[in-house]
Undergrad: 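Below: one structure in structure tokens.
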Amino acid sequence: MRGSADSAAIPVLRFDEARGADGRFDPVFLRRLRTALHEVGFLQLTDFGATAARLSELSEVTRRFFALPPAERLALDNRLSPHFRGYTRLGHEITAGRPDAREQLDFAPEQSPLPRAEWDAPYRLLQGPNQWPDTALPELRGVVLAWADCSPRSPPS
């Protein structure tokens, strides 16, 4: 975490330092992440592997998603996903017992659902497939999965 020890400073963590050479999460990184989230409430995550072109591409395609008619966005209603993936409309995300004033599109790397008997923690319910638009915005899938993977890909055209 860069910056001063002053609790008013926004913690900055480098995601490229999150894992050790063995691929496991670094305990120091996890401690800093936990401190930032539990004591400060937010952080800035840098060096996460995405290029400026990838960020621009994701911003542009998600702007187009949120510009779709409500019925097309609601086809991806996150309440249809047991893994809480998809679209959440304005006022339907609840934080601290109050509705949030935002719409959101939740996605993660594509994974097969993990059978409950194999869960080692409750958050394993979140492991599963994303929801994608059938016809309205077919490019959303490729752009989002490239973002989630942060692997090299052709620059957007």
Side-chain angles (χ1 to χ4, degrees), residues 1-63 65-66 73-74 76-132 140-153 155-156:
M1 192 162 22
R2 291 185 236 154
S4 71
D6 178 3
S7 63
I10 297 172
V12 179
L13 280 79
R14 293 177 51 118
F15 196 62
D16 62 355
E17 296 175 350
R19 294 183 186 269
D22 63 357
R24 294 176 182 251
F25 277 106
D26 176 66
V28 172
F29 178 86
L30 291 176
R31 187 182 72 248
R32 291 176 174 168
L33 177 64
R34 189 174 296 111
T35 299
L37 295 174
H38 288 254
E39 295 179 19
V40 180
F42 57 93
L43 62 108
Q44 179 181 1
L45 187 64
T46 65
D47 303 292
F48 48 85
T51 64
R54 171 104 7 98
L55 178 58
S56 177
E57 181 183 38
L58 180 69
S59 296
E60 194 275 327
V61 77
T62 54
R63 265 192 295 277
F65 173 80
F66 288 106
R73 292 189 310 253
L74 284 170
L76 304 185
D77 192 324
N78 75 340
R79 295 173 298 175
L80 302 173
S81 167
H83 314 290
F84 305 100
R85 309 273 180 93
Y87 171 69
T88 304
R89 59 188 154 162
L90 184 68
H92 283 250
E93 180 73 20
I94 308 298
T95 302
R98 299 178 60 196
D100 290 335
R102 70 169 187 259
E103 295 177 280
Q104 65 191 43
L105 182 60
D106 291 310
F107 55 83
E110 273 306 294
Q111 297 177 308
S112 297
L114 190 62
R116 188 176 181 99
E118 297 178 26
W119 293 0
D120 57 353
Y123 64 82
R124 296 293 182 198
L125 169 65
L126 299 176
Q127 181 173 322
N130 294 296
Q131 298 188 81
W132 304 110
L140 181 69
R141 180 184 184 125
V143 171
V144 164
L145 291 179
W147 173 264
D149 185 41
C150 285
S151 62
R153 196 169 92 98

Undergrad: With rounding to the nearest 0.5 angstrom, report the CD to CG distance, E60 to L55.
TA: 12.0 Å
Undergrad: Please evaluate residues R79 and R89 with respect to the criterion side chain to side chain contact (heavy atoms under 4.5 Å, CB included), reporting the C-alpha separation (whole Å), side-chain torsions for both, the decisive distance (0.1 Å), and the verdict.
TA: CA-CA 11 Å; R79 295 173 298 175; R89 59 188 154 162; 2.9 Å; yes
Undergrad: Check whether any side-chain heavy atom of H92 lies under 4.5 Å from a side-chain heavy atom of E103, and answer yes or no.
TA: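 They are not in side-chain contact.
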Undergrad: Measure across S81 and Q131 and return the closest heavy-atom pair with its distance rounded to 0.1 Å.
TA: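 Reported closest heavy-atom pair: CB-NE2, 3.6 Å.
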Undergrad: So for atom CZ, which belongs to F29, do other residues, nucleotides or ligands contribute more than 12 heavy atoms lying within a distance under 6.0 Å?
TA: yes
Undergrad: Minimum heavy-atom separation for P82 to L125, with atom names?
TA: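 What the structure gives for the nearest pair is O-CD1, 3.4 Å.
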Undergrad: Using atom types as modelled and distance alone, determine if a side-chain donor or acceptor of T62 lies under 3.5 Å from a backbone N or O of L58.
TA: yes
Undergrad: Nearest heavy-atom pair of L140 and L105: which atoms, and what distance?
TA: CD2-CD2, 4.1 Å
Undergrad: How many angstroms lie between atom CZ of R14 and atom CZ of F48, to the nearest 0.5 angstrom?
TA: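 Result: 12.0 Å between the selected atoms.
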Undergrad: Are the charged groups of E39 and R34 less than 4.0 angstrom apart, N to O?
TA: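 Between R34 and E39 there is no salt bridge, as every charged N stays at least 4.0 Å from the carboxylate O atoms.
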Undergrad: Do F42 and L37 have side chains that get closer than 4.5 Å, going by heavy atoms?
TA: no
Undergrad: Is there a donor in the side chain of Y87 and an acceptor in the side chain of Q104, or the other way round, less than 3.5 Å apart?
TA: no
Undergrad: Short question: side chain of R124, backbone of L114 - any donor-acceptor pair under 3.5 Å?
TA: no
Undergrad: Please examine the side chains of D100 and I94, heavy atoms only from C-beta on, and report whether any two atoms are closer than 4.5 Å.
TA: no
Undergrad: Working to the nearest 0.5 angstrom, can you tell me the gap between R19 CZ and L30 CG?
TA: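 Reported to 0.5 Å precision, the distance equals 9.0 Å.
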Undergrad: I need the T88 OG1 to D77 CG distance, nearest 0.5 Å.
TA: 7.0 Å
Undergrad: Please report the shortest heavy-atom distance between A108 and N130, naming the atom on each side.
TA: O-ND2, 2.6 Å
Undergrad: How about F107 and W132: are their ring centres within less than 6.0 Å of each other?
TA: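 Judged by ring-centre distance (under 6.0 Å), F107 and W132 do not meet the cut-off.
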Undergrad: Can you check whether E110 reaches L145 side chain to side chain, under 4.5 Å on heavy atoms?
TA: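 E110 vs L145: side chains touch.
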Undergrad: Just how far is it from atom CG of L80 to atom CZ of R85, taken to the nearest 0.5 Å?
TA: 14.5 Å
Undergrad: Is there a side-chain contact between T46 and Q44 (heavy atoms, below 4.5 Å)?
TA: yes
Undergrad: What are the two closest heavy atoms between P109 and A148, and how far apart are they?
TA: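 It is N-CB, 4.0 Å.
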Undergrad: Under a 4.5 Å cut-off applied to non-hydrogen side-chain atoms, are Q127 and H83 in contact?
TA: no
Undergrad: Which atom names give the shortest non-hydrogen contact between L45 and L43, and what distance separates them?
TA: N-CD1, 3.8 Å
